[in-house]
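Protein chains get the first letters and strands the later ones, always in sequence-line order, with residue 1 at the start of each. Everything quoted here is computed from the prediction, not taken from an experiment.
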Amino acid sequence: MLETAPGLLNAVLRHGDVAVRLTEVEAYDGANDPGSHAFRGMTRRNAVMFGPPGHLYCYFTYGMHVCCNVVCGPVGTASAVLVRAGEVVDGIEIARERRPGAKDRDLARGPARLCRALGIELGHDGTDLVAGPVTLEPGESPADVSTGPRVGLRAAPDRPWRFWITDDPTVSAYRPAAPLRRGSR
DNA sequence: CCCGTGATTCTCT
DNA sequence: GAGAATCACGGGC
């Protein structure tokens with residue numbers, strides 16, 4: 001169940017009293033994938049991607065956001081699945097407190113939002129998803145899955161490795177690519 | 001639409 | 001060792 005990105009759809013990611021049903025994920029294929037953190041080989045930050053599957057890879061980006069991936073390949077492959085969005089199915093009061101002002105369906109609509117709603121921090125990097133404190137429970141296969149290009153990646157945007165549950169309102173809005181506003185070319 | 005934010009990594013000396 | 005470039009985003013206007 002951890003081997004494929006679409007297999008994670010409908011799975012429930014839980015941290016303490018808050019749980020999120022995953023509705024949108026994105027695959028990253030380690031060393032073969034220019035969009036992956038692991039493309040240039042193992043570094044200190046991405047080390048857990050190279051480790052055993054079923055662990056959580058958390059990273060910090062854009063100066064203020066934490067995102068998390070599920071490591072899914074065997075040791076040495078660095079394959080991971082970015083958790084992009086989901087629906088809060090338990091502990092919604094706590095999630096609301098963590099995200100003041102957000103509408104319920106936006107609580108975990110986006111990778112960084114999802115982590116914040118769940119209370120996932122950098123310290124959870126490397127967490128074993130069976131032992132916890134963050135856990136992943138498989139769910140039923142979704143009735144209808146859509147695929148498309150990945151979001152916000154400048155490298156290899158053509159790989160249709162984003163998977164989401166068709167028509168689910170908690171799937172994040174599609175953004176073609178993150179513009180680079182620092183040098184003007 | 002446009003901007004902040006800080007860690008990590010790369011490259012050059 | 002130092003400085004520059006990059007980053008898989010969200011919120012505010």
Would A:H37 and A:Y57 satisfy side-chain hydrogen bond (donor to acceptor under 3.5 Å, both in side chains), going step by step from the backbone distance to the final call?
-> CA-CA 11 Å; A:H37 284 174; A:Y57 166 49; 2.8 Å; yes
From CA spacing to verdict: ring pair (Phe, Tyr, Trp, His ring centres under 6.0 Å), A:F60, A:H65 | CA-CA 6 Å; A:F60 186 77; A:H65 301 301; 8.1 Å; no
Please tell me if the side chains of A:F50 and A:V75 come closer than 4.5 Å, counting only heavy atoms from C-beta onward.
-> no
Just how far, in rounded Å, is P of B:dT8 from OH of A:Y59?
-> 14 Å
Rounded to the nearest Å, what distance is computed from the CZ atom of residue A:R150 to the P atom of nucleotide C:dC9?
-> 11 Å
Could you state the atom-to-atom distance from CG of A:N46 to C1' of C:dA8 in whole Å?
-> 13 Å
Is there a side-chain polar atom (N or O) of A:R99 under 4.0 Å from OP1 or OP2 of C:dG11?
-> yes
Can you find a donor-acceptor pair, distance only, under 3.5 Å between A:H37 side chain and C:dA8 base?
-> yes
Which nucleotide, C:dC9, B:dG6, B:dC10, lies nearest any side-chain atom of A:R40?
-> B:dC10
Among B:dT5, C:dC7, C:dG11, the nucleotide that comes nearest once only the side chain of A:M64 is considered = B:dT5
Rounded to the Å, how far apart are A:E24 CD and C:dC9 P?
-> 10 Å
Phosphate OP1/OP2 of C:dC9: any A:R84 side-chain N/O under 4.0 Å | yes
Rounded distance (Å) that lies between atom P of B:dT8 and atom CG of A:L122 = 8 Å
From the candidates C:dA8, B:dA7, B:dG4, the one with an atom nearest any side-chain atom of A:H65 is B:dG4
Using a 4.5 Å cut-off on heavy atoms from C-beta on, say whether the side chain of A:N10 contacts that of A:R21.
-> yes
Consider only side-chain heavy atoms of I, L, V, M, F, W and Y, link residues closer than 4.5 Å, and tell whether A:L129 and A:V66 are in one cluster.
-> no
Whole Å only: how far is the CG atom of A:L114 from the P atom of C:dG10?
-> 10 Å
Any A:R116 side-chain nitrogen or oxygen under 4.0 Å from OP1 or OP2 of C:dC9 = no
A:D33 CG to C:dC7 P, in whole Å, measures 13 Å
Identify which nucleotide among B:dT9, C:dG11, C:dA8 has an atom closest to any side-chain atom of A:Y62, counting heavy atoms from C-beta outward.
-> C:dA8
NA contact type, A:G110, heavy-atom cut-off 4.0 Å: base, sugar-phosphate, or nothing?
-> sugar-phosphate
Mind checking whether A:L22 and A:I92 sit in one hydrophobic cluster, side chains of I, L, V, M, F, W, Y counted as touching below 4.5 Å?
-> yes
Paired and unpaired positions of DNA chain B as dot-bracket, Watson-Crick or G-U wobble under 3.5 Å, | denoting a partner strand | ||||.|||||||.
Sugar-phosphate only, base, or nothing, as touched by A:T43 at under 4.0 Å among non-hydrogen atoms = sugar-phosphate
Can you name the one residue among A:R96, A:R99, A:R109 that meets side-chain hydrogen bond (donor to acceptor under 3.5 Å, both in side chains) with A:D104?
-> A:R96
Where the side chain of A:C67 is defined as all heavy atoms beyond and including C-beta, which of C:dC9, B:dA7, C:dG10 is the nearest nucleotide?
-> C:dC9
Flag yes if more than 12 heavy atoms outside A:D144 fall under 6.0 Å of its CG atom; otherwise flag no.
-> yes
d(OH, A:Y28; C1', C:dC7) in whole Å | 11 Å
Nearest to the side chain of A:L82 - B:dT9, C:dC7, C:dA8?
-> C:dA8
